Structure formats: structure tokens, C-alpha cells
Amino acid sequence: SRRRHTRLLTVTGVQTCALPISTGQPVIGTIMAGPGGQFAVPVRAPLARQGRVDYVLTIIVRPDALRDLLAAADIPPAWVGAIADGSGRVVARTSGEADFLGHPVSDAALAVRSRGGQGLYDGVTIEGIPTVSAYAASAHRDARSCGRGAREPIERQLREIGRAHV
């Protein structure tokens, strides 16, 4: 018989590999540096046959692809748009990404993550700038996005809108 030679890949982030098997739902993993120091995020999806998960498909997503999504959202220049992974680490950011990629989001952002859903909160950027922040939890496990605007420009815009509508 002919022997097939298959190169086996080392699976990193094994805990996120087990979740699609047990839950049957996709999972967004934790950002990490791979070979050559390139950052990436694993997205894992269960592949099922007859109701049983047989395999887990892993797609590796580079932060620049997620940054492109943020750029397409037309976030105002004075604001900071960010996407965090399941562990609360920066995966993509509209400003300062090179300095913060893979670093934890602000303490305020970490605190609201446990709420789930979406909403607003008074926060502070990683740089320490006070903000009014909007957040939304992804429908897929452990992803979060956040838009932040420095408090002063947002308050000014709200005052101008209020004057225009009075």
C-alpha cells in the first residue's frame, strides 16, 4: 500500500479549538504573533456531518484586513475605532495600531466587555484620553468592537446638534 505523507501543523490556542466542537458555534481566538512575528487572529468554525462536529476549520485573519473594515466605517478622524479579541487585546485600531497591536484595551473597555450587548460608557483610551465610548459585542463568541471619541469634540458636536434642533 502507498503511504501518504502529511505535514502536521501545530495548533496554537487549543482552548479555542475545543469550543466549536463543544458548542457547535464559531469562535474568534486570541491575537498572537506567528512565525516571523506577524500578528494574526484565528477564527474557528465547526464542520459537522449529521449533527456531529467532525472537524474544526481555522481561518487566520491578519489585523490589516480588520483595519480595512474600520476604515470603511468612516470613523471621524478625532475618534478611535478599535476591535478587540476575546481576551481583550487590540486586534485592529484606526490610530496608533503599531504601538498597541496585541496589547490589552483600556481598563474601562475591559470592564464593559462583561456586560455584552452594546451601549455607551465613559472611558479612557489606552493613551489616557477621556472619551465617550460605544461598544458592541459580536454575535460570535468573544469579539468586541469599540468606537471612541474624545469627550470634548463629541460634547461640542452634541451641543451644535442640540442648537440646530431647538
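Worth saying up front: this structure is predicted, and the values here are computed from it rather than measured.
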*Asks:* Would you compute the distance between atom CD1 of I129 and atom OG of S106 and round it to the nearest 0.5 angstrom?
*Replies:*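 I129 atom CD1 to S106 atom OG measures 11.5 Å (nearest 0.5 Å).
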*Asks:* Apply side-chain contact (heavy atoms from CB on, under 4.5 Å) to L70 and I75, showing your working.
*Replies:* CA-CA 7 Å; L70 287 173; I75 295 170; 4.1 Å; yes
*Asks:* Give every residue pair that meets the salt bridge (charged side-chain N to carboxylate O under 4.0 Å, His left out) criterion with at least one member in residues 94-105, sequence neighbours excluded.
*Replies:*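 Residue pairs passing salt bridge (charged side-chain N to carboxylate O under 4.0 Å, His left out), neighbours aside: R67-E97.
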*Asks:* Looking only at non-hydrogen atoms, find the nearest pair between P46 and P20 and report the distance.
*Replies:*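 Closest approach of P46 to P20, heavy atoms only: CB-O, 3.6 Å.
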*Asks:* Using the side-chain contact (heavy atoms from CB on, under 4.5 Å) rule, take V41 and T30 through it: C-alpha gap first, then chi angles, then the decisive distance, then the call.
*Replies:* CA-CA 6 Å; V41 179; T30 302; over 6 Å; no
*Asks:* Could you state whether L57 and V61 fall into the same hydrophobic cluster, counting links through intermediate Ile, Leu, Val, Met, Phe, Trp or Tyr residues with side-chain heavy atoms under 4.5 angstrom apart?
*Replies:*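 Same cluster: L57 reaches V61 through Ile, Leu, Val, Met, Phe, Trp or Tyr contacts under 4.5 Å.
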*Asks:* Should V43 and I60 be regarded as members of a common hydrophobic cluster, given that ILVMFWY residues are connected when their side-chain heavy atoms come within less than 4.5 Å of each other, either directly or indirectly?
*Replies:* no
*Asks:* Under the side-chain contact (heavy atoms from CB on, under 4.5 Å) rule, what do R93 and T125 come out as? Steps first, then yes or no, please.
*Replies:* CA-CA 11 Å; R93 202 166 189 262; T125 65; 4.2 Å; yes
*Asks:* Within this structure, what is the CD1-CZ distance for the pair I31 and R62, rounded to the nearest 0.5 Å?
*Replies:* 11.5 Å
*Asks:* Got a sec, which hydrophobics cluster with V56, joining ILVMFWY side chains under 4.5 Å apart, including via others?
*Replies:*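 Noted: V56 shares its cluster with I21, V53.
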*Asks:* Are I126 and V90 close enough, and set up right, to give a side-chain contact (heavy atoms from CB on, under 4.5 Å), and what steps lead you there?
*Replies:* CA-CA 10 Å; I126 298 172; V90 175; 3.8 Å; yes
*Asks:* Could you list the residues that satisfy side chain to side chain donor-acceptor pair (under 3.5 Å) with T58, not counting sequence neighbours?
*Replies:* R44
*Asks:* To the nearest 0.5 Å, what is the distance between CH2 on W79 and OG1 on T131?
*Replies:*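 Result: 10.5 Å between the selected atoms.
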*Asks:* When you measure from the side chain of D122 to the backbone N and O of V132, does any donor-acceptor pair fall under 3.5 Å?
*Replies:* no
*Asks:* Looking at D68, L69, D64, which hits side-chain contact (heavy atoms from CB on, under 4.5 Å) with L66?
*Replies:*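 Exactly one candidate clears the test, L69.
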